[in-house]
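Down below is the structure, laid out as structure tokens.
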Amino acid sequence: MVDTQMQIMVLEKQILHAIMDNPSCLFEEDIFISEQAKEFHYILLLLNDENKTLIPEHIITKAIEYVDSNVIIAVQETQYQSDLFEDYKKALYYKNILINTKTNVLRVLNSTDDDLTKIYNIDEEFQNAKDLVEFKDDNKTLTFSELVRKHKETIERRTNQIRVSTGCYKFDSILPNPVAGIVTIAGFSGSTKSTLCHYLVKQRIAKRFYTTYFNTELAMEGVMDSIIPSMIKIPYKDVLGLDNDDEHIDYDDIIRRYNHLIEHFQNQKNFRMFPSSTVTLNDLKNFNLQARKEFRMKPQDLLFCFVDLLSMVEEFAGEGKTSRADMITQALNVLNNTALKYNILFICTVQLKRMPQKISIEKEEDFEKFRPDLNMIKDSGSYEERSRMVIGIHNPYHIARKVTCNKIIRDLTEPIIELQVLKDTYTGKVGKVIKYYFNSDFKVYVPYNEEGANSVETTEEKIEGGKPYQSNLAGEEINEESNT
């Protein structure tokens, strides 16, 4: 035990000394074990945020409780090899895991609780924590043979695992085998981009798929107002209390359905929503890393992260010394690196340029003038360059109510929304279109099949006979009596 403590102390001082000498090595993860090292690391982060050099004179001014001049001298006197910095980090990370595991074992053994599953869970926690270490890339150069061997492991995983699904069979048809990266969904303001995100999120929640969600436009209450109605089969306006005759709203029934929803999903642990509409790139990284840990995901497990709207994330919307296009390019590079490093698929919405008002709709073919293309993406073509896939939302129903439109055409236009592939690095099938019916009463997408829904085996919300059918709990199969 003494040897282990000494090893930890040496590793901590080697890492801290290396960071003092080379601030570019500074990292945010809390891997330190001793209180002195934790405080020392915290001080270095503070100084870095204030753009101050990491010298003893500055460090001592930030000292709180455990750091003093003797601690600083001890750190500076510890020898290290700069090329082994990542190895020091990984070794300390493993020590941290081992100590936490031992603590948990002792806690269980000293407990009067006879539940052996707690002991089994400790082993699972250790294995998952160990798996997370695999993200700590040691930047080792690889020969071609080593690269092929590494990729062979990927092929073997693909052979033995179930194909990754987006959660919706329709969406799977345009994103058949998703991998880490960025998917951009572009549409005019009001084209139901958020509703599409909410629909996909609900499908993934119902299927227990690993999912995180960021919304940069609405407070959490507004997001839930949009997500809940179709899950409890209560109209959107009733959830908001917008009926002109308030007596027609059965609030007792709404509360009962909410309670049922809470009970049904109380063991659903594979979804997290970021609690604020103010989002930074660091939030997108750190929140997803924390989610991976809480989900107990393995490195090869793909995490889906929905970001609505990406253009409102701080680094995309702020002002800087560079042009807006360059700022967006830099931000997308950071986001893409996060996606590739931590095996995350970011599905992000962005705005198209303002809808042209001078074009009127006199015949059905005129809607094609408003069909999205890559040149219509607002602010920067970098979204196109960095995205593995770009999808455009074409919503004639919305367009007919936003521009001058022939009354007969407007009345005959149904709320059928088209998602068209504008760029595809997966299969190259640019131009492919899938359709959804938009049910405004419940603010929900419903997969639309022109040949009839009976041709598809699915439990999702779908169109039958041209009319929308709302399934229980976003596609979950539940007994009818449980939700009536």
Side-chain angles (χ1 to χ4, degrees), residues 1-103 126-143 146-147 150 281-282 285-286 289-290 292-293 299 334 337-338 340-343:
M1 181 63 184
V2 175
D3 288 343
T4 300
Q5 289 178 336
M6 287 297 298
Q7 290 171 1
I8 289 171
M9 290 173 60
V10 172
L11 284 169
E12 288 180 330
K13 288 186 289 186
Q14 287 174 321
I15 293 169
L16 292 170
H17 192 184
I19 294 173
M20 288 180 66
D21 288 347
N22 184 7
S24 66
C25 294
L26 188 60
F27 53 89
E28 295 185 3
E29 301 101 314
D30 182 14
I31 65 172
F32 294 96
I33 298 168
S34 72
E35 295 299 331
Q36 291 97 329
K38 284 177 178 290
E39 182 177 315
F40 205 114
H41 179 234
Y42 175 68
I43 291 171
L44 296 182
L45 289 172
L46 283 179
L47 292 173
N48 187 64
D49 287 343
E50 296 173 4
N51 293 318
K52 293 183 178 179
T53 53
L54 307 184
I55 58 177
E57 290 80 0
H58 290 160
I59 294 172
I60 199 66
T61 62
K62 299 289 185 181
I64 304 170
E65 182 177 0
Y66 297 102
V67 174
D68 56 26
S69 57
N70 291 329
V71 172
I72 298 173
I73 292 171
V75 168
Q76 288 187 303
E77 289 181 346
T78 302
Q79 300 297 313
Y80 71 92
Q81 291 180 241
S82 57
D83 58 333
L84 295 180
F85 181 75
E86 291 298 327
D87 291 333
Y88 297 149
K89 282 177 62 180
K90 184 176 290 188
L92 185 60
Y93 197 83
Y94 274 120
K95 297 289 185 187
N96 206 328
I97 293 170
L98 288 168
I99 288 174
N100 288 334
T101 303
K102 180 178 178 182
T103 301
F126 176 76
Q127 186 58 45
N128 281 286
K130 179 176 175 293
D131 288 337
L132 280 177
V133 177
E134 299 304 319
F135 285 125
K136 309 285 184 182
D137 191 351
D138 59 6
N139 295 319
K140 185 181 77 170
T141 57
L142 299 175
T143 66
E146 289 169 333
L147 285 170
K150 196 174 184 68
L281 287 173
N282 267 337
K285 181 184 77 171
N286 295 331
L289 283 176
Q290 181 63 28
R292 291 194 72 100
K293 183 177 179 181
V334 172
N337 288 338
T338 298
L340 299 180
K341 185 173 183 180
Y342 301 112
N343 202 15

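Source: prediction; values computed, not measured.
You'll find the side chain of Leu281 stays beyond 4.5 Å of the side chain of Thr338, heavy atoms only. Here the side chains of Ile8 and Leu92 are in contact, with some heavy-atom distance below 4.5 Å. Looking at heavy atoms from C-beta onward, Ile15 lies in side-chain contact with Phe27 at the 4.5 angstrom threshold. Ile59 is listed as a side-chain neighbour of Met20, based on a closest heavy-atom distance under 4.5 Å.
Each of Glu12, Lys90, Gln7 was scored for a side chain to side chain contact (heavy atoms under 4.5 Å, CB included) with Lys95, with one residue passing: Gln7.
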Would you be so kind as to tabulate the donor-acceptor pairs closer than 3.5 Å made by side chains of residues 70-85, with sequence neighbours excluded?
unit_1 : atom_1 : unit_2 : atom_2 : d
Thr78  : OG1    : Ala74  : O      : 2.8
Tyr80  : OH     : Asp21  : OD2    : 2.6

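Listed by first then second residue, pairs satisfying salt bridge (Lys or Arg N to Asp or Glu O under 4.0 Å) with a partner in residues 51-61 read Glu50-Lys52, not counting sequence neighbours.
Looking at every heavy atom in both residues, Ala63 comes nearest to Ile43 through CA-CD1, 3.8 Å. Considering all non-hydrogen atoms of both residues, Ser69 and Ile60 come closest at N-CD1, 3.7 Å. Heavy atoms only, all atoms of each residue included: Pro299 and Arg292 are closest at O-NH2, 3.6 Å. The nearest pair of heavy atoms linking Lys38 to Ile33 is CE-O, 3.6 Å. Minimum interatomic distance between Glu39 and Tyr66 (heavy atoms only, all atoms of both residues): OE1-N, 2.8 Å.
In this structure, NZ in Lys285 is found 13.0 Å from CD in Gln290, a value given to the nearest 0.5 Å. Here Asp49 contributes atom CG and Leu26 contributes atom CG; the two are 8.5 Å apart, rounded to the nearest 0.5 Å. Atom NZ of Lys89 and atom CD1 of Ile31 lie 6.0 Å apart (nearest 0.5 Å). For the atom pair Leu289 CG and Asn282 CG, the distance stands at 10.5 Å (nearest 0.5 Å). Distance CG/Leu46 to CD1/Ile64: 7.0 Å, rounded to 0.5 Å. Atom CG of Leu54 is separated from atom CD1 of Ile19 by 8.5 Å, given to the nearest 0.5 angstrom.
A donor-acceptor contact shorter than 3.5 Å is absent between the side chain of Gln14 and the backbone of Tyr88.
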